[in-house]
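Small disclaimer: the values here were computed from a predicted structure and weren't measured.
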Amino acid sequence: MRLRTGRLRRGIVAVALVVIAAGCGAGGPTPPPDSNPRYGQIPEDLCEQLEFDDVFGRFVLDLAPSHEDGSDYRTERTYWRERCDFGAIAPDERFATALGEFQPSGAVQVRVHHSVAGAVQAYDQDVANYIDLPEETGPNPATAELTGWWGDSGKSLQTALVLDPDDFTLGDFAASQLDVTHLIRHENLVLMVYAGAVAPTGDTAEAVTLLHELTDALIDETASHLDR
């Protein structure tokens, strides 16, 4: 019996990408209000513009035929927000387990704030909720600083939960639920990408590396479609 892993992660994705609309962060000094922020309104069709198939192809992945595409566009008082779901599958049985094929899935969440100060506050709050808190409570958590075209306002988190075969009806197996989150801020943009998949426990290091690289590529792909 082979089970799809999407349902195992659906709840995780929903929790991991809840929008935090208020709250104060614990980061550095807040910059003065920016009357001419770099990024403009997010395109309402951003999810349709993202070339997921091209990005997946770089990692020898296909679009998952069973994945249900989803998006959520919102215009709030102080920012625009878009969430784009994605799902991929390894066609070559790489990292396959008793639960099924290797199927990285997750979501891209973009927020463009009306001011840099608002983005700094939101970024600090997201770090507290999606990086710092899971680092204290998540299974085998590992965090790191992320630097790139956005500067040094970036964080990553990875967790690895070894699945208990007694929770399934497939007999004995060794598999882990792997989850990677990348969160960055560039001026008035806050961008977060989450990717999760089930992989053989013995291949955790290699599979997690792929998820980190895939997440990086999705950050770049998303930013290329923003008004800046």
| request: Measure the spacing between CZ of Arg94 and CD of Glu206 and express it to the nearest 0.5 Å. | output: 8.0 Å

| said: Please determine whether side-chain contact (heavy atoms from CB on, under 4.5 Å) holds for the pair Phe95 and Val198, giving the CA-CA distance in whole Å, both sets of side-chain angles, and the decisive distance to 0.1 Å. | reply: CA-CA 8 Å; Phe95 303 137; Val198 171; over 6 Å; no

Taking distance alone, no hydrogens or angles, what donor-acceptor pairs closer than 3.5 Å link side-chain atoms of residues 51-60 to residues at least two apart or in another chain?
| unit_1 | atom_1 | unit_2 | atom_2 | d |
| --- | --- | --- | --- | --- |
| Asp54 | OD2 | Arg58 | NH2 | 3.1 |

| query | Within a strict 4.5 Å, meaning less than it, do heavy atoms of the Thr78 and Arg111 side chains meet? | reply | no

| query | Is there side-chain contact between Gln109 and Leu191, with at least one heavy-atom pair below 4.5 Å? | reply | no

| said: Applying ring pair (Phe, Tyr, Trp, His ring centres under 6.0 Å) to His114 and Trp80, what does each step give before you reach the verdict? | reply: CA-CA 8 Å; His114 298 177; Trp80 298 280; 4.8 Å; yes

| note | Residues His225 and Leu50: closest non-hydrogen pair is CD2-CD2, 3.6 Å

| query | For residues 137-146, which residue pairs qualify under side chain to side chain donor-acceptor pair (under 3.5 Å), counting only residues two or more places apart or in two chains? | reply | Glu135-Thr143, Glu145-Lys155

| query | To the nearest 0.5 Å, how far apart are CZ in Phe173 and OG1 in Thr201? | reply | 8.5 Å

| request: Dump the intermediate steps for side-chain contact (heavy atoms from CB on, under 4.5 Å) on Tyr194 and Val108, then the final yes or no. | output: CA-CA 7 Å; Tyr194 159 83; Val108 175; over 6 Å; no

| field | Exercise: identify the closest heavy-atom pair between Ala207 and Ala199 | value | CB-CB, 3.8 Å

| note | On a heavy-atom basis, the closest approach of Pro141 and Pro134 is CB-O, 3.9 Å

| query | Side-chain heavy atoms under 4.5 angstrom apart, residues restricted to Ile, Leu, Val, Met, Phe, Trp, Tyr: same cluster for Leu63 and Val193? | reply | yes

| request: To the nearest 0.5 Å, tell me how far Phe86 CZ sits from Leu61 CG. | output: 10.5 Å

| task | Kindly say whether Gly154 contributes a backbone atom to a donor-acceptor pair with the side chain of Tyr123 at under 3.5 angstrom? | result | yes

| task | May I ask you to check whether Asp227 and Tyr39 show a side-chain donor-acceptor distance below 3.5 Å? | result | no

| field | Minimum heavy-atom distance Asp179-Gly196, with the two atoms named | value | OD1-CA, 3.6 Å

| task | For the pair Arg77 (side chain) and Tyr79 (backbone), establish whether a donor and an acceptor sit closer than 3.5 Å, ignoring hydrogens and angles. | result | no

| request: Let me see the working for Val180 and Leu157 under side-chain contact (heavy atoms from CB on, under 4.5 Å), right down to the final yes or no. | output: CA-CA 6 Å; Val180 168; Leu157 169 75; over 6 Å; no

| request: Quick one: do Thr159 and Leu178 satisfy side-chain contact (heavy atoms from CB on, under 4.5 Å)? Show the steps, please. | output: CA-CA 6 Å; Thr159 60; Leu178 310 177; over 6 Å; no

| Side-chain contact, heavy-atom cut-off 4.5 Å: Tyr73 with Arg81? | no

| query | Could you give the distance from CG (Leu189) to CD1 (Ile184), rounded to the nearest 0.5 Å? | reply | 6.0 Å

| field | Euclidean distance, Ser156 OG relative to Ile131 CD1, rounded to 0.5 Å | value | 6.5 Å

| message | Closer than 3.5 angstrom, by distance alone: can the side chain of Asn188 be matched with the main-chain N or O of Val112 as a donor-acceptor pair? | response | no

| request: Return the minimal non-hydrogen interatomic distance between Leu163 and Pro165, and the atom names on each side. | output: O-CD, 3.4 Å

| query | In Å and rounded to the nearest 0.5 Å, what is the SG to CZ distance from Cys47 to Arg83? | reply | 8.0 Å

| query | Got more than 12 heavy atoms from elsewhere within 6.0 Å of CD, Glu48? | reply | no

| Which atom of Thr222 lies closest to which atom of Leu226, heavy atoms considered | O-CG, 3.6 Å

Can you list, pair by pair, the side-chain donor-acceptor contacts under 3.5 Å of residues 211-220, counting residues two or more places apart and other chains?
| unit_1 | atom_1 | unit_2 | atom_2 | d |
| --- | --- | --- | --- | --- |
| His212 | ND1 | His182 | NE2 | 2.8 |
| His212 | NE2 | Gln158 | OE1 | 2.7 |
| Thr215 | OG1 | Leu211 | O | 2.7 |
| Asp216 | OD1 | His182 | ND1 | 3.0 |
| Asp220 | OD1 | Trp149 | NE1 | 2.8 |

